[in-house]
Amino acid sequence: MAQSSKQVINFGAGPAKIPRQVLEQARDEILDCGCGISVMELSHRSADYAAINDRAIESVKELLDVPNNYKVLLMQGGGTAAFASVALNLLHRGEKADYILTGVWSTKAAKEASKYLKINYVYPKPEKFERIPDQSTWKLDPDAAYVYYCDNETVNGVEFPFIPETNGVPLVCDMSSNMLTRNFDVSKFGVVLACAQKNLGPAGITVLIVREDLIGNPSPICPTVMDYTLFANDNSLVNTPPTFIVYVFSLVLQWVKKQGGVAGMEQQSKAKSQLLYNTIADSDGFYSCPVDDGFRSRITVPFRLSAGPEADKQFLKESQDLGFLQLKGHRLVGGIRAAMYNAITVEEVKVLADFMTSFQERNPQFRLTQK
Ligand SMILES: Cc1ncc(COP(=O)(O)O)c(C=O)c1O
């Protein structure tokens, strides 16, 4: 593919922007990772690769302050494999599980898990995902093997402002699109999972943080590559890992540390989302976000032009021509979506916000007239 000289800002939801410094370091080290060959050519059984693997796992522990009774696992198959692996590793606790549906990804996770256990929806599936029903209305099953939710719904832009209370039932959480964007208390969870291609690096690995007491009883039909016990015992080196991906992932973690760690990223994500939501709020209804105020994502912001799909189309065309990449909303919901993962800077969001304001000024025909 030819190189582009055009300045672009990549708001893609994943695979997503990777920090420039990380890509430059990977480029500089691609022929020789310090041992005479490329990291891609290293045996995963070598001491050199063990150091890369250990550094990645230790950095996750350090950045998220992971307690000693948890294991950090690096697995393959993306978030989707983890939807199944959660059920296959926790099935020993019971044959049913509670699912909290707040968008596309928790719905997909429930569907996948339903192949292995009975699903209890803690409230009826809403027609639209615009808010999280009050916890007092949830019907949690005290005998559930686990309670599952998605902390940030990447498609729908719904983010949890709280950690659900489960009265001792292990809590399983998909943090694929907001891991490392805010601090959280790992000890409140049984399993936390996140595919890498958003905040953590290139697509190809899924990070799982699993409490030790949940490890050791996989279902007999659990495939080797989904087995938490084997991955915990073998330091995630059960079979050949995507070695280059783990290496880039480790570089991203070092980059996060240099940005002030998770607290630094949290501050930035707050500033970025405020910029965008303020622009929407100040637009006099020209732009709208479908999610209720208290549940709006700091990371993946869906919005649309109130004038309708044709107006969205023109916005997307112009923004694309100017170098804003991948702003098109997910195919299931349409509209526009800005994913503002850790690698996206406040300045880049400012450029988008300025474009939104200028687009509004230049297109009065899309202003809704009062009835
Ligand atoms: C929140 C969330 N969970 C899970 C997934 C699925 O990940 P994968 O495509 O790696 O299977 C995605 C993908 O975008 C996601 O956004």
Side-chain angles (χ1 to χ4, degrees), residues 10-18 73-88 97 99-115 119 129 132 146-161 163-164 171-182 184 189 191-210 223 225-226 236 241-242 245-246 248-249 252 269 273 291 295-302 325-344:
N10 180 4
F11 286 101
K17 185 182 175 195
I18 292 176
L73 314 178
L74 306 181
M75 303 181 91
Q76 297 188 59
T80 303
F83 296 164
S85 75
V86 161
L88 287 163
Y99 274 73
I100 303 166
L101 302 190
T102 53
V104 166
W105 291 109
S106 45
T107 305
K108 283 186 192 254
K111 187 166 177 220
E112 190 67 21
S114 73
K115 295 174 184 171
I119 305 297
F129 294 109
I132 300 168
Y146 58 89
V147 179
Y148 184 102
Y149 77 108
C150 177
D151 206 31
N152 187 71
E153 283 283 357
T154 320
V155 173
N156 307 83
V158 174
E159 187 176 30
F160 268 76
I163 296 177
L171 187 55
V172 176
C173 181
D174 176 359
M175 289 195 193
S176 289
S177 49
N178 67 353
M179 186 180 267
L180 297 185
T181 68
R182 66 178 174 191
F184 65 96
F189 294 86
V191 179
V192 176
L193 64 99
C195 54
Q197 64 268 23
K198 294 154 195 306
N199 284 299
L200 311 179
I205 51 164
T206 304
V207 178
L208 290 110
I209 305 172
V210 188
V225 293
M226 291 188 182
S236 297
I245 305 302
V246 173
V248 180
F249 165 58
V252 171
S269 68
S273 54
V291 183
F295 310 104
R296 289 184 173 176
S297 169
R298 299 160 304 121
I299 310 299
T300 43
V301 179
L325 301 186
Q326 310 198 74
L327 273 175
K328 194 162 187 245
H330 191 275
R331 63 196 149 81
L332 291 177
V333 295
I336 301 155
R337 170 179 55 178
M340 305 182 294
Y341 298 127
N342 284 342
I344 291 281

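Whatever order the structure lists them in is the order used to number ligands and atoms, beginning at 1. Small disclaimer: the values here were computed from a predicted structure and weren't measured.
Of all atoms in ligand 1, numbered sequentially from 1 with element shown, those under 4.0 Å from a heavy atom of Cys195 are 7 (O), 10 (O). Here is the list of ligand 1 atoms found below 4.0 Å of a heavy atom in Gly78: 10 (O), 11 (O).
Remark: the backbone N or O of Asn199 is not paired with any side-chain donor or acceptor of Asn342 at under 3.5 angstrom. Side chain of Arg296 to backbone of Ser273: no donor-acceptor contact under 3.5 angstrom is found. Formation of a donor-acceptor pair under 3.5 Å by the Arg298 side chain with backbone atoms of Thr181 is found in this model.
Among the atoms of Asp174, some N or O lies under 3.5 angstrom from an N or O of ligand 1. For Asn152, no nitrogen or oxygen atom sits less than 3.5 Å from a nitrogen or oxygen atom of ligand 1, counting backbone and side chain alike.
Under 3.5 Å, the side chains of Ser106 and Glu153 contain a donor-acceptor pair of N or O atoms.
Contact check for Tyr149 versus Ile132: no side-chain heavy atoms found under the 4.5 Å cut-off. With contacts defined as side-chain heavy-atom distances shorter than 4.5 Å, the pair Leu193/Ser176 qualifies. Inter-residue side-chain proximity for Ile209 and Met179 is flagged as met; some heavy-atom pair is nearer than 4.5 Å.
Closest to atom 14 (O) of ligand 1 among all protein heavy atoms lies Lys198 NZ, 2.7 Å. Nearest to atom 11 (O) of ligand 1 among the protein's heavy atoms is Thr80 OG1, 2.5 Å. Looking at atom 1 (C) of ligand 1, its nearest protein heavy atom turns out to be Thr154 OG1, 3.2 Å. In terms of protein heavy-atom proximity, atom 6 (C) of ligand 1 is nearest to Trp105 CZ3, 3.4 Å. Looking only at heavy atoms of the protein, atom 8 (P) of ligand 1 is closest to Gly79 N, 3.4 Å. Of all protein heavy atoms, the one closest to atom 9 (O) of ligand 1 is Gln197 NE2, 3.7 Å.
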| message | Evaluate Asp174 against Lys108 for salt bridge (charged side-chain N to carboxylate O under 4.0 Å, His left out), listing each step before the verdict. | response | CA-CA 12 Å; Asp174 176 359; Lys108 283 186 192 254; over 6 Å; no

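Looking at Cys150 against ligand 1, only its side chain comes within 4.0 Å, counting heavy atoms.
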